[in-house]
Protein chains: 2
Amino acid sequence: MPLPVSIHPPKSACSSCNLAELCLPIDLSARELRKLDELSTLKRNFSRSDYLYRSGDKFRSLFAIHSGSFKTQILHEDGREQVTGFQMAGEIIGLDAISTDIHACEAVAMESCVVCELPFNKLEALSREIPTLQRHLYKIMSREIVRDQGIMLLLGSMRAEERLAAFLLNLSQRYAARGLSATQFQLRMSRQEIGSYLGLKLETVSRAFSHFQEDGIIIVKVRAIEIINLASLQACLNNSRL
Amino acid sequence: MPLPVSIHPPKSACSSCNLAELCLPIDLSARELRKLDELSTLKRNFSRSDYLYRSGDKFRSLFAIHSGSFKTQILHEDGREQVTGFQMAGEIIGLDAISTDIHACEAVAMESCVVCELPFNKLEALSREIPTLQRHLYKIMSREIVRDQGIMLLLGSMRAEERLAAFLLNLSQRYAARGLSATQFQLRMSRQEIGSYLGLKLETVSRAFSHFQEDGIIIVKVRAIEIINLASLQACLNNSRL
DNA sequence: CAACTGCTTTGATATATATCAAAAAGAGTA
DNA sequence: TACTCTTTTTGATATATATCAAAGCAGTTG
C-alpha cells in the first residue's frame, strides 16, 4: 500500500516548516531563524518528469525539497546516463554546481514536488553572519561526499544482490527518518532507474527482487515493497554471501 | 623515466608556497594571505605507507598535500576495501570527516610526502572573515562531489578499458596542471590499487594495459607509462568501442 | 650472489551479469 | 471493454570480467 510523503500547505518560511530537523535550520536562535526566512522567498511546484535544473544550466540556487522526490543523473557524451541519487523531502540538491557555477547533473521530479529555492549568494552571505549555518552547509556538503563514496564502494565491490540490499536498506532508513514505515513503502523509480543507480541492467534488478522474494526476505508487488526480514537484508550486505 | 614532483624546502607560509594556484590561496589580498599564514603552523613528513589519518579518527584538520601523493580508501566490515581516490600535491583531503567529526575513510602515503595541517575550526573562523576563502572552500567541496559523481559514472556504466582510459587521462591532466609531462609519468600505485579504484581485479587492469600497448596507444614498463596517442585514449572513452 | 618477497604478466577456465526475446502485468485512454 | 503503451518478469544464451594458477621480473636482504 502506498505511503505518500505527508504534504502540508506550502508556507514560505523555514521557521514554520515541519522539515526543520532534516533540512537547514539546525539549532538556530529565533532571530537567526527569522533571517533564514528572508532567504527562501520562492516555493515552486513540479510535476512528474519536470526538470528542476538541467546539465549546463547556470547555477544560482540550491534547492531544498519540501515534498516529493527527485532523481539526479549525469549524461555522458555518447548518450549513456548514470543516476547519481534519489532525493527526498528535507534534502538539499544542487551542491555539485557550486564548483563551476554550472550544473553538472540534472534533477528530474519523480512525482509531484514542492521545492524551496535558496539563492546561493544570499546563503553565502547569511552563512558568514550565522556560524551555525556555515557549519551546517559544510556538513551537508561533506555528507554528500560520504554518501558518494559509499556508492563508490557499492559499485566497485558489491555483487548485484548486495547492491539491491544496500539500496533497500538505505531507502528504509530514510523513510523511517521521516516518520514513515521502514518496512513498507512504494518505490518512486522504475527498475531501469534503480539499475542505472546500482550499475546494473533492469533485468538483473528484477531478478534480484524476485530472488529476495523467493527467500522470503521481502514481498514485491511491482513497486510496492514490504520488507519481511530486515536482518536478512543486512546480513546479505555484510556476509557477501547470503 | 620517473618524474618526481618538485620539492621545495618546506616553508610554513601559504604566502610563499608554489602551489598557491592549486591549493587554498586564490585571489587573496596581501593582508588576507598573511592571515592565512597564521593558520597552517604544522608541516609534517610522511613515508610510504604511513597513515595520514585512519577511519574512525577524530576530525580536527583538513590536510593540504604539499608534495607527494596519497590514496584514500574506505573499509567495509567484511574486509573488502575500496580506494576512493589518489591525491597529489595541491589537493585538500579530509573533507569527508566534516559531516560527522569522524574520519570516514583513511589516507595512506604512496611515497614520501609533506603535508600542511589546516585546523578546521580556525579555517572556519577565517572563512567568515575572508569571503573569498569561504567561497573557495565551498568550491573545493563541490569539486569533490563532482569528482565522485564522475567515478560513479565510470563504475556504473563503463567497461574495463574505458575505465583505465579515463584513469590515465585524468592522471595525465593532473600532472600537466602541475607543470609535469602529460604523456610520461611514473605510476605511484600498484595494479591492485588501480583495480580497487576502478572496480576491477588486478589481472583485468594488467590485461587492459597490455591491450593498450598492443594497440600502440601507450607504452607500459610496469609502472612507467608513456602515452603515445592521447586522442585514441580519449576516443576509447567516448566511443564505448575502440 | 643467491634466496626471498612482492608485484606483474599471461593463460585456462568459471561465473556473474548482460543481452536478446517474448510473455505477462499494469496504467492510461478511447 | 478493448486497445495501446510502458514496465516488469522470466527464460535462453552470450560475454566481459573474475578466479585460479604458474611463470617472469624487480627490488631487498642476508
Side-chain angles (χ1 to χ4, degrees), chain A residues 1-2 47-49 71 80-83 108 110-112 154-168 186-215 218-225 236 240-242, chain B residues 1-2 47-49 71 80-83 108 110-111 154-167 186-215 218-225 236 240-242:
Chain A
M1 193 170 304
S47 307
R48 177 169 169 70
S49 71
K71 66 170 173 178
R80 272 178 292 190
E81 62 185 44
Q82 170 79 29
V83 171
V108 184
M110 295 199 298
E111 59 190 315
S112 294
L154 178 147
L155 292 171
S157 63
M158 289 187 192
R159 292 171 314 101
E161 289 183 8
E162 296 177 85
R163 296 185 196 190
L164 188 63
F167 171 71
L168 289 173
Q186 187 78 12
L187 296 175
R188 298 304 189 314
M189 63 295 280
S190 70
R191 300 290 187 262
Q192 143 69 29
E193 287 166 328
I194 297 172
S196 171
Y197 181 59
L198 299 180
L200 302 168
K201 294 295 161 180
L202 65 304
E203 295 96 327
T204 307
V205 174
S206 177
R207 277 184 242 270
F209 270 122
S210 299
H211 191 223
F212 282 151
Q213 181 159 247
E214 284 160 26
D215 288 358
I218 62 175
I219 295 174
V220 188
K221 282 219 187 66
V222 194
R223 297 207 182 180
I225 302 292
C236 174
S240 155
R241 216 146 284 273
L242 192 56
Chain B
M1 193 170 307
S47 308
R48 177 167 171 72
S49 72
K71 67 170 175 178
R80 274 179 292 192
E81 62 187 40
Q82 170 79 26
V83 171
V108 184
M110 296 200 297
E111 58 191 317
L154 178 148
L155 292 171
S157 62
M158 291 187 189
R159 291 171 315 101
E161 290 184 8
E162 297 177 83
R163 296 184 198 191
L164 188 63
F167 171 71
Q186 187 79 12
L187 296 174
R188 297 307 190 312
M189 64 295 279
S190 69
R191 299 290 187 262
Q192 143 69 27
E193 287 166 329
I194 298 172
S196 170
Y197 181 58
L198 299 179
L200 302 168
K201 294 294 161 183
L202 66 300
E203 295 96 328
T204 307
V205 173
S206 177
R207 278 183 241 270
F209 270 122
S210 300
H211 191 224
F212 282 151
Q213 181 160 246
E214 284 160 24
D215 289 357
I218 62 176
I219 295 174
V220 188
K221 282 218 186 67
V222 192
R223 296 206 183 182
I225 303 293
C236 173
S240 154
R241 217 144 284 272
L242 192 54

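Nearest nucleotide to the side chain of Ala160(A), out of dT17(C), dA16(D), dT9(C): dT17(C). Between dT9(D), dC7(C), dC20(D), one nucleotide has an atom nearer to the side chain of Leu202(A) than all others, and that is dT9(D). Side chain of Ser190(B), nearest nucleotide from dT10(D), dT8(D), dC7(C): dC7(C). If you check dT8(D), dT10(D), dT8(C) against the side chain of Val222(A), the one that comes closest is dT8(D). Of the candidate nucleotides dA12(D), dC7(C), dG11(C), dG11(C) has the atom nearest to the side chain of Arg207(B). In this structure, of dT9(C), dT17(C), dG11(D), it is dT17(C) that holds the atom nearest to the side chain of Thr204(A).
Rounded to the nearest 0.5 Å, atoms SG (Cys236(B)) and CZ (Arg163(B)) are 12.0 Å apart. With rounding to the nearest 0.5 angstrom, the CG atom of Leu164(A) is 9.5 Å from the CG atom of Leu154(A).
In this entry the distance linking CZ of Arg223(A) with P of dA25(C) reads 18 Å, nearest Å. Rounded to whole Å, the distance from CZ on Arg159(A) to P on dT19(D) is 10 Å. The CD-C1' distance, from Glu161(B) to dT15(D), rounds to 14 Å in whole Å.
Here Leu200(B) lies in heavy-atom contact (under 4.0 Å) with sugar-phosphate atoms only. Using a 4.0 Å heavy-atom cutoff across all strands shown, Ser206(A) reaches at least one base atom of the nucleic acid. Contact annotation for Gly195(B): no contact, since no heavy-atom pair falls under 4.0 Å across all strands.
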Which pairs would a plain distance check flag for residues 199-208 of chain A, meaning a side-chain donor or acceptor within less than 3.5 Å of a matching protein atom at least two apart in sequence or in another chain?
none

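Along DNA chain C, the nucleotide closest to Lys221(A) and the one closest to Arg163(A) are compared, and the more 5′ of them pairs with Arg163(A).
A salt bridge between Arg48(A) and Glu111(A) is absent, with no side-chain N of the basic residue lying under 4.0 Å from a carboxylate O of the acidic one.
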